[in-house]
Amino acid sequence: MDRIIIEGGIPLQGRIQVSGAKNAALPLMAATLLTDQPVELSNVPDVADVNTMQRLLQRLGTASTMQAGAPGTLRLQTSSLMSTTAPYDLVRKMRASVLVLGPMLARQGEAIVSLPGGCAIGTRPIDLHLMGLERMGAVIELEQGYVKATAPKGLKGAEIKLPQPSVGATENILMAACLADGDTTILDAAQEPEIVDLAALLNAMGAEIDGAGTAILRIRGRTSLSGASHRIIADRIEAGTYAMAAGITSGQLVLQDVRALHLGVAAERLEEAGLLLEDTADGLSVRTANGGLKGVDVMTRPFPGFATDLQAQFMALMCLASGASMITETIFENRFMHVPELARMGARITVHGGSALVRGQARLTGAPVMATDLRASVSLVLAGLAAQGPTTVNRVYHLDRGYERLEEKLRGVGARIERSG
Ligand code: EPZ
């Protein structure tokens, strides 16, 4: 199994091209099931989760080809659905597989999708996805670990109020509503930039969606959607991760294709923590201010709040700040798996329920550590970049799910980082 070995202590300097957003690419790929016409997506990141989604779509009948001579451009066409089953072996690998549920149900009147089960960061049910589809007239049964959803007469527009803003539920309901009969309103919808990107693709395919990026989405159902071409937005989580790589190594990076506002509240917290963020013609410039890193409290919230997907990285940063930081996780109940690993590197962190108290200190020391999920893994990479002595991060496949060419990008700005098989 691959490992990453880092020799820390080098201030990173230079430019990093930020990739297309994984968490936009996955729903956008699922959305292509809504039409029999070809959809061309560019800026698709070459990460394992995208490959898994491609494999799933191929099983459902999608012809999917990377365009020759245009890296990151994927052409997807589902002339007809050959299967309406998303099997356990793929859904188990990647929960975002459930995003094919809404599109298949809306197009074919039937979808059978394996229940994803829990994962390292929490139980992560899909009850809100199912509630929304039921409100649109779907009949949902659970059989042998699979969700069987049917709507033989098609879906009907409805008013759907989410009890909490779920990204995946908003996406599944939004996609299904585009082919429903009548108008749908989603109240307390998720407002993440990835939802805005999904709505932009759907509108380019002929859908009528208003309010993307706000808590109220209004969708006018159409009888069919057409093909389109669309460029996927930059990955704000990858950008935030590299911003913190600059901060934790006292370096200076320019993150191409990104602006500070893409990070939402995280940009403000990073500045309070002692990073200088500046939008330049080249991209977002990030460096540490003269006073060094300072302890800052954060609480994860839905967008525009502080992203849960940046929490682990922020914790690594706070390990080397002066003063203490209280980090509260409110989105997932078990997203502190990086804490014992950071502790192996000398970090002083105490967890009380959903909050972690980080006592900053002058240095971390390299150690062998174990990755548990995507963002936890990359927080260990950040800690390793700043630590004294070598750090070995095991179970690198977690990183490969969502970071495109991580070692290459970091080596390009001076890091000593290698992969070994
Ligand atoms: C998306 O997951 C992202 N994944 C996650 O990114 C991200 O952490 C999360 O949103 C929050 O921002 C993709 O976009 C592919 P949710 P999702 O539904 O859609 C509860 C990463 O590292 N909930 O917004 O699954 C849920 O348990 C990943 O890239 C229900 O209770 O997240 C959680 O507590 C990991 N019932 C909260 O809502 C439901 O039916 C928010 O989850 C759905 C969700």
Side-chain angles (χ1 to χ4, degrees), residues 6 8 10-23 45 192-194 233-298 300 303-321 325 327 338 358 360 374-386 399 402-415 417:
I6 305 159
I10 298 178
L12 303 183
Q13 297 281 350
R15 285 160 216 272
I16 292 185
Q17 177 63 49
V18 174
S19 299
K22 167 193 77 103
N23 287 347
E192 269 66 4
E194 293 74 22
I233 52 167
D235 194 319
R236 65 194 167 97
I237 305 301
E238 189 196 18
T241 303
Y242 289 131
M244 290 190 255
I248 205 167
T249 62
S250 304
Q252 174 158 22
L253 293 176
V254 174
L255 308 175
Q256 292 173 299
D257 237 12
V258 179
R259 304 186 71 73
L261 67 85
H262 295 149
L263 299 179
V265 162
E268 290 164 34
R269 293 294 167 274
L270 291 177
E271 288 189 318
E272 285 168 31
L275 268 57
L276 291 174
L277 270 55
E278 197 188 341
D279 285 322
T280 70
D282 237 10
L284 179 63
S285 157
V286 187
R287 64 188 166 90
T288 317
N290 288 339
L293 296 171
K294 295 188 270 296
V296 168
D297 295 348
V298 300
T300 63
F303 194 84
F306 192 95
T308 173
D309 290 348
L310 289 174
Q311 178 259 108
Q313 301 89 311
F314 194 77
M315 192 179 293
L317 189 72
M318 290 295 96
C319 290
L320 290 170
S325 157
I327 299 181
H338 39 287
V358 185
L374 173 59
R375 310 302 171 186
S377 320
V378 87
S379 77
L380 302 175
V381 171
L382 294 185
L385 289 170
L399 282 171
Y403 285 92
E404 187 176 43
R405 298 183 286 106
L406 176 91
E407 307 100 89
E408 195 185 313
K409 288 187 183 187
L410 287 172
R411 265 201 305 274
V413 291
I417 178 167

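Given the structure is predicted, the values throughout are model-derived calculations rather than measurements. All residue numbers in this chain count up from 1 along the given sequence.
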> Locate the shortest heavy-atom distance separating A376 from S379; write the atom from each residue and the value.
O-OG, 2.7 Å

> Distance alone, cut at 3.5 Å: any donor-acceptor contact between the side chains of S19 and K409?
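The criterion, which ignores hydrogens and geometry beyond distance, is satisfied for K409 and S19.
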
> What closest approach, in Å, do Q252 and S285 show between heavy atoms, and which atom pair accounts for it?
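It is NE2-OG, 3.7 Å.
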
> Only counting residues at least two apart or in another chain, list the ones meeting ring-ring contact (aromatic ring centres under 6.0 Å, His included) with F314.
F306

> With heavy-atom distances below 4.5 Å as the criterion, would you say the side chains of I10 and T249 are in contact?
no

> Distance check, rounded to the nearest 0.5 Å: L293 atom CG versus M244 atom CE?
11.0 Å

> Let me confirm one number: the CG-CE distance from D297 to M318, rounded to the nearest 0.5 Å.
9.5 Å

> Nearest 0.5 Å, please: how far is CD1 in I417 from CD1 in I6?
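Atom-to-atom, I6:CD1 and I417:CD1 are 4.5 Å apart.
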
> Measure the shortest side-chain to side-chain distance between D257 and Q17 over non-hydrogen atoms and say whether it is less than 4.5 angstrom.
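Yes, their side chains come closer than 4.5 Å.
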
> With side chain to side chain contact (heavy atoms under 4.5 Å, CB included) as the test, would you mind laying out the steps for H338 and M315 before giving the verdict?
CA-CA 9 Å; H338 39 287; M315 192 179 293; 3.7 Å; yes

> Flag the pair I16 / Q256 as yes when at least one side-chain heavy-atom distance between them is below 4.5 Å, and no otherwise.
no

> Would you check, one step at a time, whether the test salt bridge (Lys or Arg N to Asp or Glu O under 4.0 Å) holds for E404 with K22?
CA-CA 9 Å; E404 187 176 43; K22 167 193 77 103; over 6 Å; no

> If you look at every heavy atom in V18 and A234, which pair is closest and at what distance?
CG1-CB, 4.2 Å

> Is there a side chain to side chain contact (heavy atoms under 4.5 Å, CB included) between L270 and V286 once you walk through the steps?
CA-CA 10 Å; L270 291 177; V286 187; over 6 Å; no

> With no hydrogens and no angle check, do the side chains of Q313 and T241 hold a donor and an acceptor under 3.5 Å apart?
yes

> Pair L380, L382 - check side chain to side chain contact (heavy atoms under 4.5 Å, CB included), show working.
CA-CA 5 Å; L380 302 175; L382 294 185; over 6 Å; no

> Looking at L263, L310, L317, V298, which hits side-chain contact (heavy atoms from CB on, under 4.5 Å) with R269?
V298

> Tell me which one of D279, L284, L277 satisfies side-chain contact (heavy atoms from CB on, under 4.5 Å) with R259.
D279

> Check the pair V381, L399 against side chain to side chain contact (heavy atoms under 4.5 Å, CB included), reporting the backbone distance first and the verdict last.
CA-CA 10 Å; V381 171; L399 282 171; 3.9 Å; yes

> Applying salt bridge (charged side-chain N to carboxylate O under 4.0 Å, His left out), can you list everything that pairs with E194, at least two apart in sequence or on another chain?
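Expected list: R236.
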
> For T300 and T308, indicate whether the former's side chain and the latter's backbone hold a donor-acceptor pair under 3.5 Å.
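Pair absent, no side-chain N/O of T300 close to backbone of T308.
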
> Might you point out which heavy atoms bring G20 and P45 nearest each other, and give the distance in Å?
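Smallest interatomic distance, heavy atoms only, reads O-CG, 3.3 Å.
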
> Less than 4.5 Å apart, side chain to side chain, heavy atoms only: is that true for V413 and Q13?
no

> If you take all heavy atoms of T288 and G247, which pair is closest and at what distance?
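Distance-wise, the nearest heavy atoms are OG1-O, 3.4 Å.
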
> To the nearest 0.5 Å, what is the distance between CD on E268 and CG on L261?
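Interatomic distance, E268 CD to L261 CG, rounded to 0.5 Å: 11.0 Å.
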
> Give the minimum heavy-atom separation between G414 and L12, together with the two atoms involved.
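Closest approach of G414 to L12: C-CD2, 4.3 Å.
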
